[in-house]
Amino acid sequence: MSAALQMTAFGLALLSTLFLLLATCTDCWMVNADDSLEVSHKCRGLWRECVTNMQDGVRTCDQYDSILADHPVKIVVTRTLLITADLLAGLALATLLLGLDCIKFLKEEPRVKLKLCYGAGVILSIGSILGLVGSVWYAVDVYMERAMLVSRNIFLGVHYDFGWSCWLGMAGSTGCFVASVLLTCCLY
């Protein structure tokens with residue numbers, strides 16, 4: 001039972017960490033959400049903004065000036081929280097890998113291996129909370145920006161909505177949290 005639970009938690013943590021890494025690296029946190037007929041698809045990410053021509057599929061991206069440049073708070077906070085969540089999830093995966101019963105490392109010390117799994121669960125929970133806060137922070141800011149423009153009847157030509165990278169960050173963080181619950185609560 002314990003080995004199956006560990007493997008389930010490891011598989012979920014691995015998949016969720018990949019989701020978090022993809023969300024951090026991809027550039028579709030915000031997508032244009034106009035009801036009008038569009039000839040291009042615009043995505044804004046944490047690192048760059050991309051436009052895809054819908055007729056010929058040509059994609060062009062503009063990198064943001066610099067990592068240290070003056071950026072909106074939502075980009076800086078989301079970058080920081082997601083990078084930290086990625087690092088913590090990676091550390092938790094390495095720790096969990098050493099604590100799995102099927103790995104021969106410390107085979108004669110089952111209590112140490114159990115503590116490694118528990119520690120991985122704690123690290124994973126911290127990382128998942130940071131990733132979830134970063135993703136939700138960005139999503140709420142996008143929603144508030146759009147709600148403010150709609151309430152004032154301002155149309156700037158492009159309105160943005162949540163992109164798939166934002167949803168991927170939320171899904172990865174939630175998966176990491178579920179894996180941490182399996183490791184910290186259900187394993188004992």
Side-chain angles (χ1 to χ4, degrees), residues 1-30 43-48 50 61 63-64 66-68 71 73-141 162-188:
M1 173 73 172
S2 174
L5 187 63
Q6 286 177 351
M7 291 308 291
T8 303
F10 179 75
L12 183 59
L14 180 65
L15 182 67
S16 300
T17 301
L18 289 175
F19 281 2
L20 273 175
L21 285 169
L22 279 173
T24 305
C25 297
T26 54
D27 20 288
C28 208
W29 280 78
M30 294 170 58
C43 284
R44 284 188 183 169
L46 301 178
W47 311 102
R48 60 189 178 167
C50 295
C61 295
Q63 298 277 52
Y64 296 143
S66 166
I67 292 175
L68 301 174
H71 294 293
V73 174
K74 73 178 172 188
I75 289 179
V76 175
V77 169
T78 304
R79 280 180 185 173
T80 305
L81 290 173
L82 278 161
I83 289 172
T84 307
D86 292 342
L87 292 173
L88 287 174
L91 176 65
L93 275 176
T95 306
L96 179 57
L97 190 60
L98 296 175
L100 292 176
D101 287 339
C102 61
I103 303 295
K104 292 185 180 183
F105 179 74
L106 294 173
K107 194 68 167 175
E108 62 281 346
E109 298 286 341
R111 293 184 56 79
V112 173
K113 288 181 85 68
L114 191 62
K115 286 183 180 183
L116 283 172
C117 288
Y118 183 75
V122 170
I123 294 169
L124 202 57
S125 68
I126 295 168
S128 68
I129 290 170
L130 292 176
L132 196 60
V133 166
S135 300
V136 170
W137 168 288
Y138 197 93
V140 166
D141 196 62
F162 314 131
W164 60 270
S165 296
C166 188
W167 292 111
L168 200 60
M170 288 182 205
S173 299
T174 304
C176 284
F177 188 75
V178 170
S180 74
V181 167
L182 287 176
L183 290 170
T184 55
C185 299
C186 301
L187 199 57
Y188 275 101

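Small disclaimer: the values here were computed from a predicted structure and weren't measured.
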Could you go through residues 130-140 and list every donor-acceptor pair under 3.5 Å that involves a side-chain atom there, pairing it with any protein atom two or more places apart or in another chain?
unit_1: Ser135; atom_1: OG; unit_2: Gly131; atom_2: O; d: 3.0

Which residues share a salt bridge (Lys or Arg N to Asp or Glu O under 4.0 Å) with Lys74, sequence neighbours left out:
Asp141, Glu145

Quick check for you: to the nearest 0.5 Å, what is the distance between [X] atom [atom1] and [Y] atom [atom2]?
X      : Y      : atom1 : atom2 : result
Leu18  : Leu168 : CG    : CG    : 9.5 Å
Leu46  : Met30  : CG    : CE    : 11.0 Å
Ser180 : Leu12  : OG    : CG    : 9.5 Å
Leu14  : Phe19  : CG    : CZ    : 10.5 Å
Trp29  : Arg44  : CH2   : CZ    : 15.0 Å
Gln6   : Leu97  : CD    : CG    : 11.0 Å

Which pair of heavy atoms, one from [X] and one from [Y], lies closest together, and at what distance?
X      : Y     : answer
Thr17  : Gly90 : CG2-N, 4.4 Å
Ile123 : Ala92 : CG2-CB, 3.8 Å
Ser173 : Leu20 : OG-CD2, 3.4 Å

Do the side-chain sulfurs (SG) of Cys50 and Cys43 come closer than 2.5 Å?
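Taking the criterion (SG atoms under 2.5 Å apart), Cys43 and Cys50 fail it, so no.
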
Is the closest side-chain heavy-atom distance between [X] and [Y] below 4.5 Å?
X      : Y      : value
Leu183 : Tyr118 : no
Phe10  : Leu93  : yes
Cys117 : Leu96  : yes

Going by the side-chain hydrogen bond (donor to acceptor under 3.5 Å, both in side chains) test, which pairs reach into residues 19-28, not counting sequence neighbours?
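Every side-chain hydrogen bond (donor to acceptor under 3.5 Å, both in side chains) pair that includes a residue of residues 19-28, provided the two are not neighbours, is Thr24-Asp86, Thr26-Ser165, Asp27-Arg48, Asp27-Arg59.
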
Pairing residues for Cys25 by the disulfide bond (SG atoms under 2.5 Å apart) criterion, not counting sequence neighbours:
none

Report the residues that fulfil side-chain hydrogen bond (donor to acceptor under 3.5 Å, both in side chains) with Ser125, sequence neighbours left out, ordered by chain and then residue number.
none

Going by side-chain hydrogen bond (donor to acceptor under 3.5 Å, both in side chains), name the residues that satisfy it together with Ser16, two or more places apart in sequence or in a different chain.
none

